[in-house]
Amino acid sequence: MKHLKPLEKVYQKEQGLSFLRLIIDSLQDIYRSRFLSRQLAERDIKAQYRQSILGIFWAFVTPLATAFVWIFLRSSGTVELTDTGIPYPLFAFTGTLLWSIIIESVNSPITSTNSSKSILSKINFPKEALIVSGVYKVLFNSLFKFLLLLVFVFYFGVGFHPSLLLFPLGILVMVFVGNTIGLLITPIGMLYTDVAKAIKFGFQFLMYITPVVYAVSEKDGLMKTVMEWNPFTPLILTARSLAVGTSPEYLTYFWVVLACCVPLFLLGLVFYRISIPIFVERLSA
Amino acid sequence: MAEEKQKNEVLVEVEGVSKKFCKDLKTSLWYGVKDLWSNVGGNKQERQLRPKEFWAVKDISFQLRRGECIGLIGHNGAGKSTLLKMLNGLINPDAGKITMRGRVGALIELGAGFNPILTGRENIYNNGAILGFTRKEIEEKIEAIIAFAEIEEFIDMPVQHYSSGMKVRLGFGVAAQMEPDILIIDEVLAVGDLGFILKCFKTIDDILPKTAVVFVSHSMPMVSRVCSQIILMERGRAQFQGTEVSKAIDLYYNRFTNNESNEVFNDGSLELEHVELINANSDKVAPDTLLQLKWGDPLALKFSFKLPASKAIPKFSVIIFDKEQRPVAVFEKNTLNSPIRITGDRLVFKLHHPNLQLSKGVYSINISASDMHSGSPKLRINNVLSFQVLHEEEIWQPFLLKTTYESV
């Protein structure tokens, strides 16, 4: 009967489990459900492109359009921006494309969970698979953004340089940080739709205090302080530096953000695990 | 010895389980936030009802061993599905404890995870993954699944073009490949055509001896067919619990006693004035209780009609329906030679059957009248009368036939 033992499950009100136990369970479930996560991601990606002619193009539209607007504003002299050190169009394209990866990552846990509402309330499966499938989907879209950025890097004459090889890692870190933030707000975000709306709204403004379409201002002042404190600043700047081969500023802050996100991500997994039954109970009786 | 032990192992153990729900969404969401917070803190304190809450499930306990099947019955909203969700681990109880030993398979929703745009074959993978199969297992079983669902021809067509029956068949085909220790079934068998339902039953019969089954259904014949224990739920509580399945079913039916007769059609040529079950056990008939007959008794019905216009005797068809509104028997129709006469503008007659062999249960009678020659309908009334047949034996088939056995 040894094999039956791990299959025993107890459901009760009290969570007599330690934090550590929950983290281990959660990570085990991520491993166990690796096929499910892939299958879910595959399903969503296939379904998305089978019903579309332009396909992946839609993933680029918003960031490219934003970049074009800023390129136009700058070239027409409507706005005057600090010198970026690299061709401005390249700066703008890298900025908006990387920013879109962050936004997509932050939204991914809530979106994946909400779109599976109907199965969540009917079938018991490792819920972590939803998070992982969300990551897969973000990575899939990011792959094309990455390729597009490579084209830009060569088109604007930056050419190949060794740090370009590390560029994918910069993107991975952004996806990880974005998912951590998304995961932490998912428990509340599933109960109240306000959260998802607030994020959409908030990130529109957040872009302007992050060096997405203009560099961190050189003059001391409120803008500079805010931009330097903003945890997205080192992410964008480091990834961009890796892409265009300049030396990354704020590298220390980059490591700090990454280091903080590891425990926060685990915490997010635990919250998520605990909150799913409550979500099911409140919204799908 | 080991086998013996395996047979007796308790796979499902439910101890004093309760669950509360909130009647108001805004309040419910706010309670959800509070529960989130207290869950993070380990959730030790006892839960009381907060304003606007009610117990959806209260103090349910049972044990289920391998090879046993428990039926959960009760009217809509009695808490059956909530209990199932707790058993399946989808929501946590507010009090009590559930222990599930072994793999749990749930037939609650067939075809979960189907994406309408993708083909049947792709969706087998989606659904299978959600049910916990590995890719290898699905690859091994896919032919069996397609064959079971009988949709070889359409397997590469998008599922959105499937009929609902095809979707269900495909979903069941995947689910039937599970080899669970505990199987939870919720009403899924109500859909699909007869051939499919029979197939489902065969599959369930096959896995029944190896599993512990929790079965929720509104179909009492199905419940009495498969269940060995039963819980009748009423407002979240167990109103009846035990192994006497048909007793619980009777209790369940009594909740729906409906004495209203219902005139479906009347062309105005005749009017039912009175109907009476002559030989009913009338000594203890209070206004609310049912007329009672013993199994094997004769059945005699007295009808009295008023015929304002016509002088022709119509042909009467009297049909007995069971509680599920299935017709179970029809009396022979009257002919021109039947000795019944119109006196004045009245037609009063008695219908007699010598030996009623309907099995224990509650039945109702419908009557219709049509023109003796042309067959055109004159009158139809549903549920003119209901009665109960008494017998000590609990069976679910509609007839218990009088039988003698002889050695030859």
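Just so we're clear, the structure is a prediction, and the values are computed from it rather than from any experiment. Reckoned from all heavy atoms, side chains included, excluding hydrogens, waters and symmetry mates. Below, chain A is the first sequence line, B the second, and so on; all start at residue 1.
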> Could you grab the distance from atom CD1 of I274(A) to atom CG of D35(B), nearest 0.5 Å is fine?
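Going from CD1 on I274(A) over to CG on D35(B), the span is 12.0 Å.
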> Would you say CZ of R237(B) has more than 12 non-hydrogen atoms from neighbouring residues, nucleotides or ligands within 6.0 angstrom?
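At most 12 heavy atoms, drawn from other residues, nucleotides or ligands, come within 6.0 Å of this atom.
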> Would you mind telling me which of C22(B), G113(B), G132(B) has the largest number of heavy-atom pairs within less than 4.5 Å of chain A?
G113(B)
> Measure distances from L84(B) to the heavy atoms of chain A and classify the residue's part below 4.5 Å as side chain, backbone, both or neither.
neither
> Kindly give the heavy-atom pair with the smallest separation between A47(A) and I117(B), and that separation in Å.
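In this case the closest contact between A47(A) and I117(B) is O-CD1, 4.1 Å.
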> Is K20(B) close to chain A through its backbone or its side chain, or both, or neither, when contacts mean heavy atoms under 4.5 Å?
backbone
> Return the CD to OG1 distance between Q12(A) and T99(B), rounded to the nearest 0.5 Å.
8.0 Å
> How long is the gap from OH on Y11(A) to CG on N88(B), to the nearest 0.5 Å?
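Output value for this atom pair is 6.5 Å.
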> What's the separation between atom NZ in K9(A) and atom CG in L87(B), rounded to the nearest 0.5 Å?
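The CG atom of L87(B) is 12.5 Å from NZ of K9(A), to the nearest 0.5 Å.
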> Taking all atoms of both residues into account, what is the closest heavy-atom pair of I130(B) and F125(A), and its distance?
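So the two residues come closest at O-CB, 3.6 Å.
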> Around atom CD of Q51(A), are there more than 12 heavy atoms from other residues, nucleotides or ligands closer than 6.0 Å?
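Not more than 12 within 6.0 Å, no.
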> Chain A heavy atoms under 4.5 Å from I138(B): which part of the residue, side chain, backbone, both or neither?
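Only the side chain of I138(B) comes within 4.5 Å of chain A.
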> Please classify the contact of T119(B) with chain A as side chain, backbone, both or neither, using a heavy-atom distance under 4.5 Å.
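For T119(B), heavy atoms of backbone and side chain both lie under 4.5 Å from chain A.
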> Is it the side chain or the backbone of T82(B) that comes within 4.5 Å of chain A heavy atoms, both, or neither?
neither
> With a sphere of 6.0 Å drawn around CD of E179(B), does it hold more than 12 non-hydrogen atoms of other residues, nucleotides or ligands?
no
> Quick one: pull up CD in E281(A) and CG in N92(B) and give me the separation to the nearest 0.5 Å.
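Those atoms lie 8.5 Å apart.
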> What distance do T27(B) atom OG1 and R282(A) atom CZ have between them, rounded to the nearest 0.5 Å?
9.5 Å
> Does W55(B) CH2 have over 12 foreign heavy atoms under 6.0 Å away?
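Yes, CH2 of W55(B) has more than 12 neighbouring heavy atoms, counting only those of other groups under 6.0 Å.
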> Which members of residues 35-43 of chain A, sorted by number, sit under 4.5 angstrom from chain B on a heavy-atom basis?
F35(A), L36(A), R38(A), Q39(A), L40(A), E42(A), R43(A)
> Locate the shortest heavy-atom distance separating A112(B) from I123(A); write the atom from each residue and the value.
CB-CD1, 3.2 Å
> Heavy-atom distances under 4.5 Å only: say whether K34(B) touches chain A with side chain, backbone, both or neither.
neither
> For residues L118(B) and K46(A), report the shortest heavy-atom separation together with the two atoms involved.
CD2-CB, 3.9 Å
> Between G128(B), G89(B), S81(B), A106(B), which has the largest tally of heavy atom pairs under 4.5 Å with chain A?
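The answer is G89(B).
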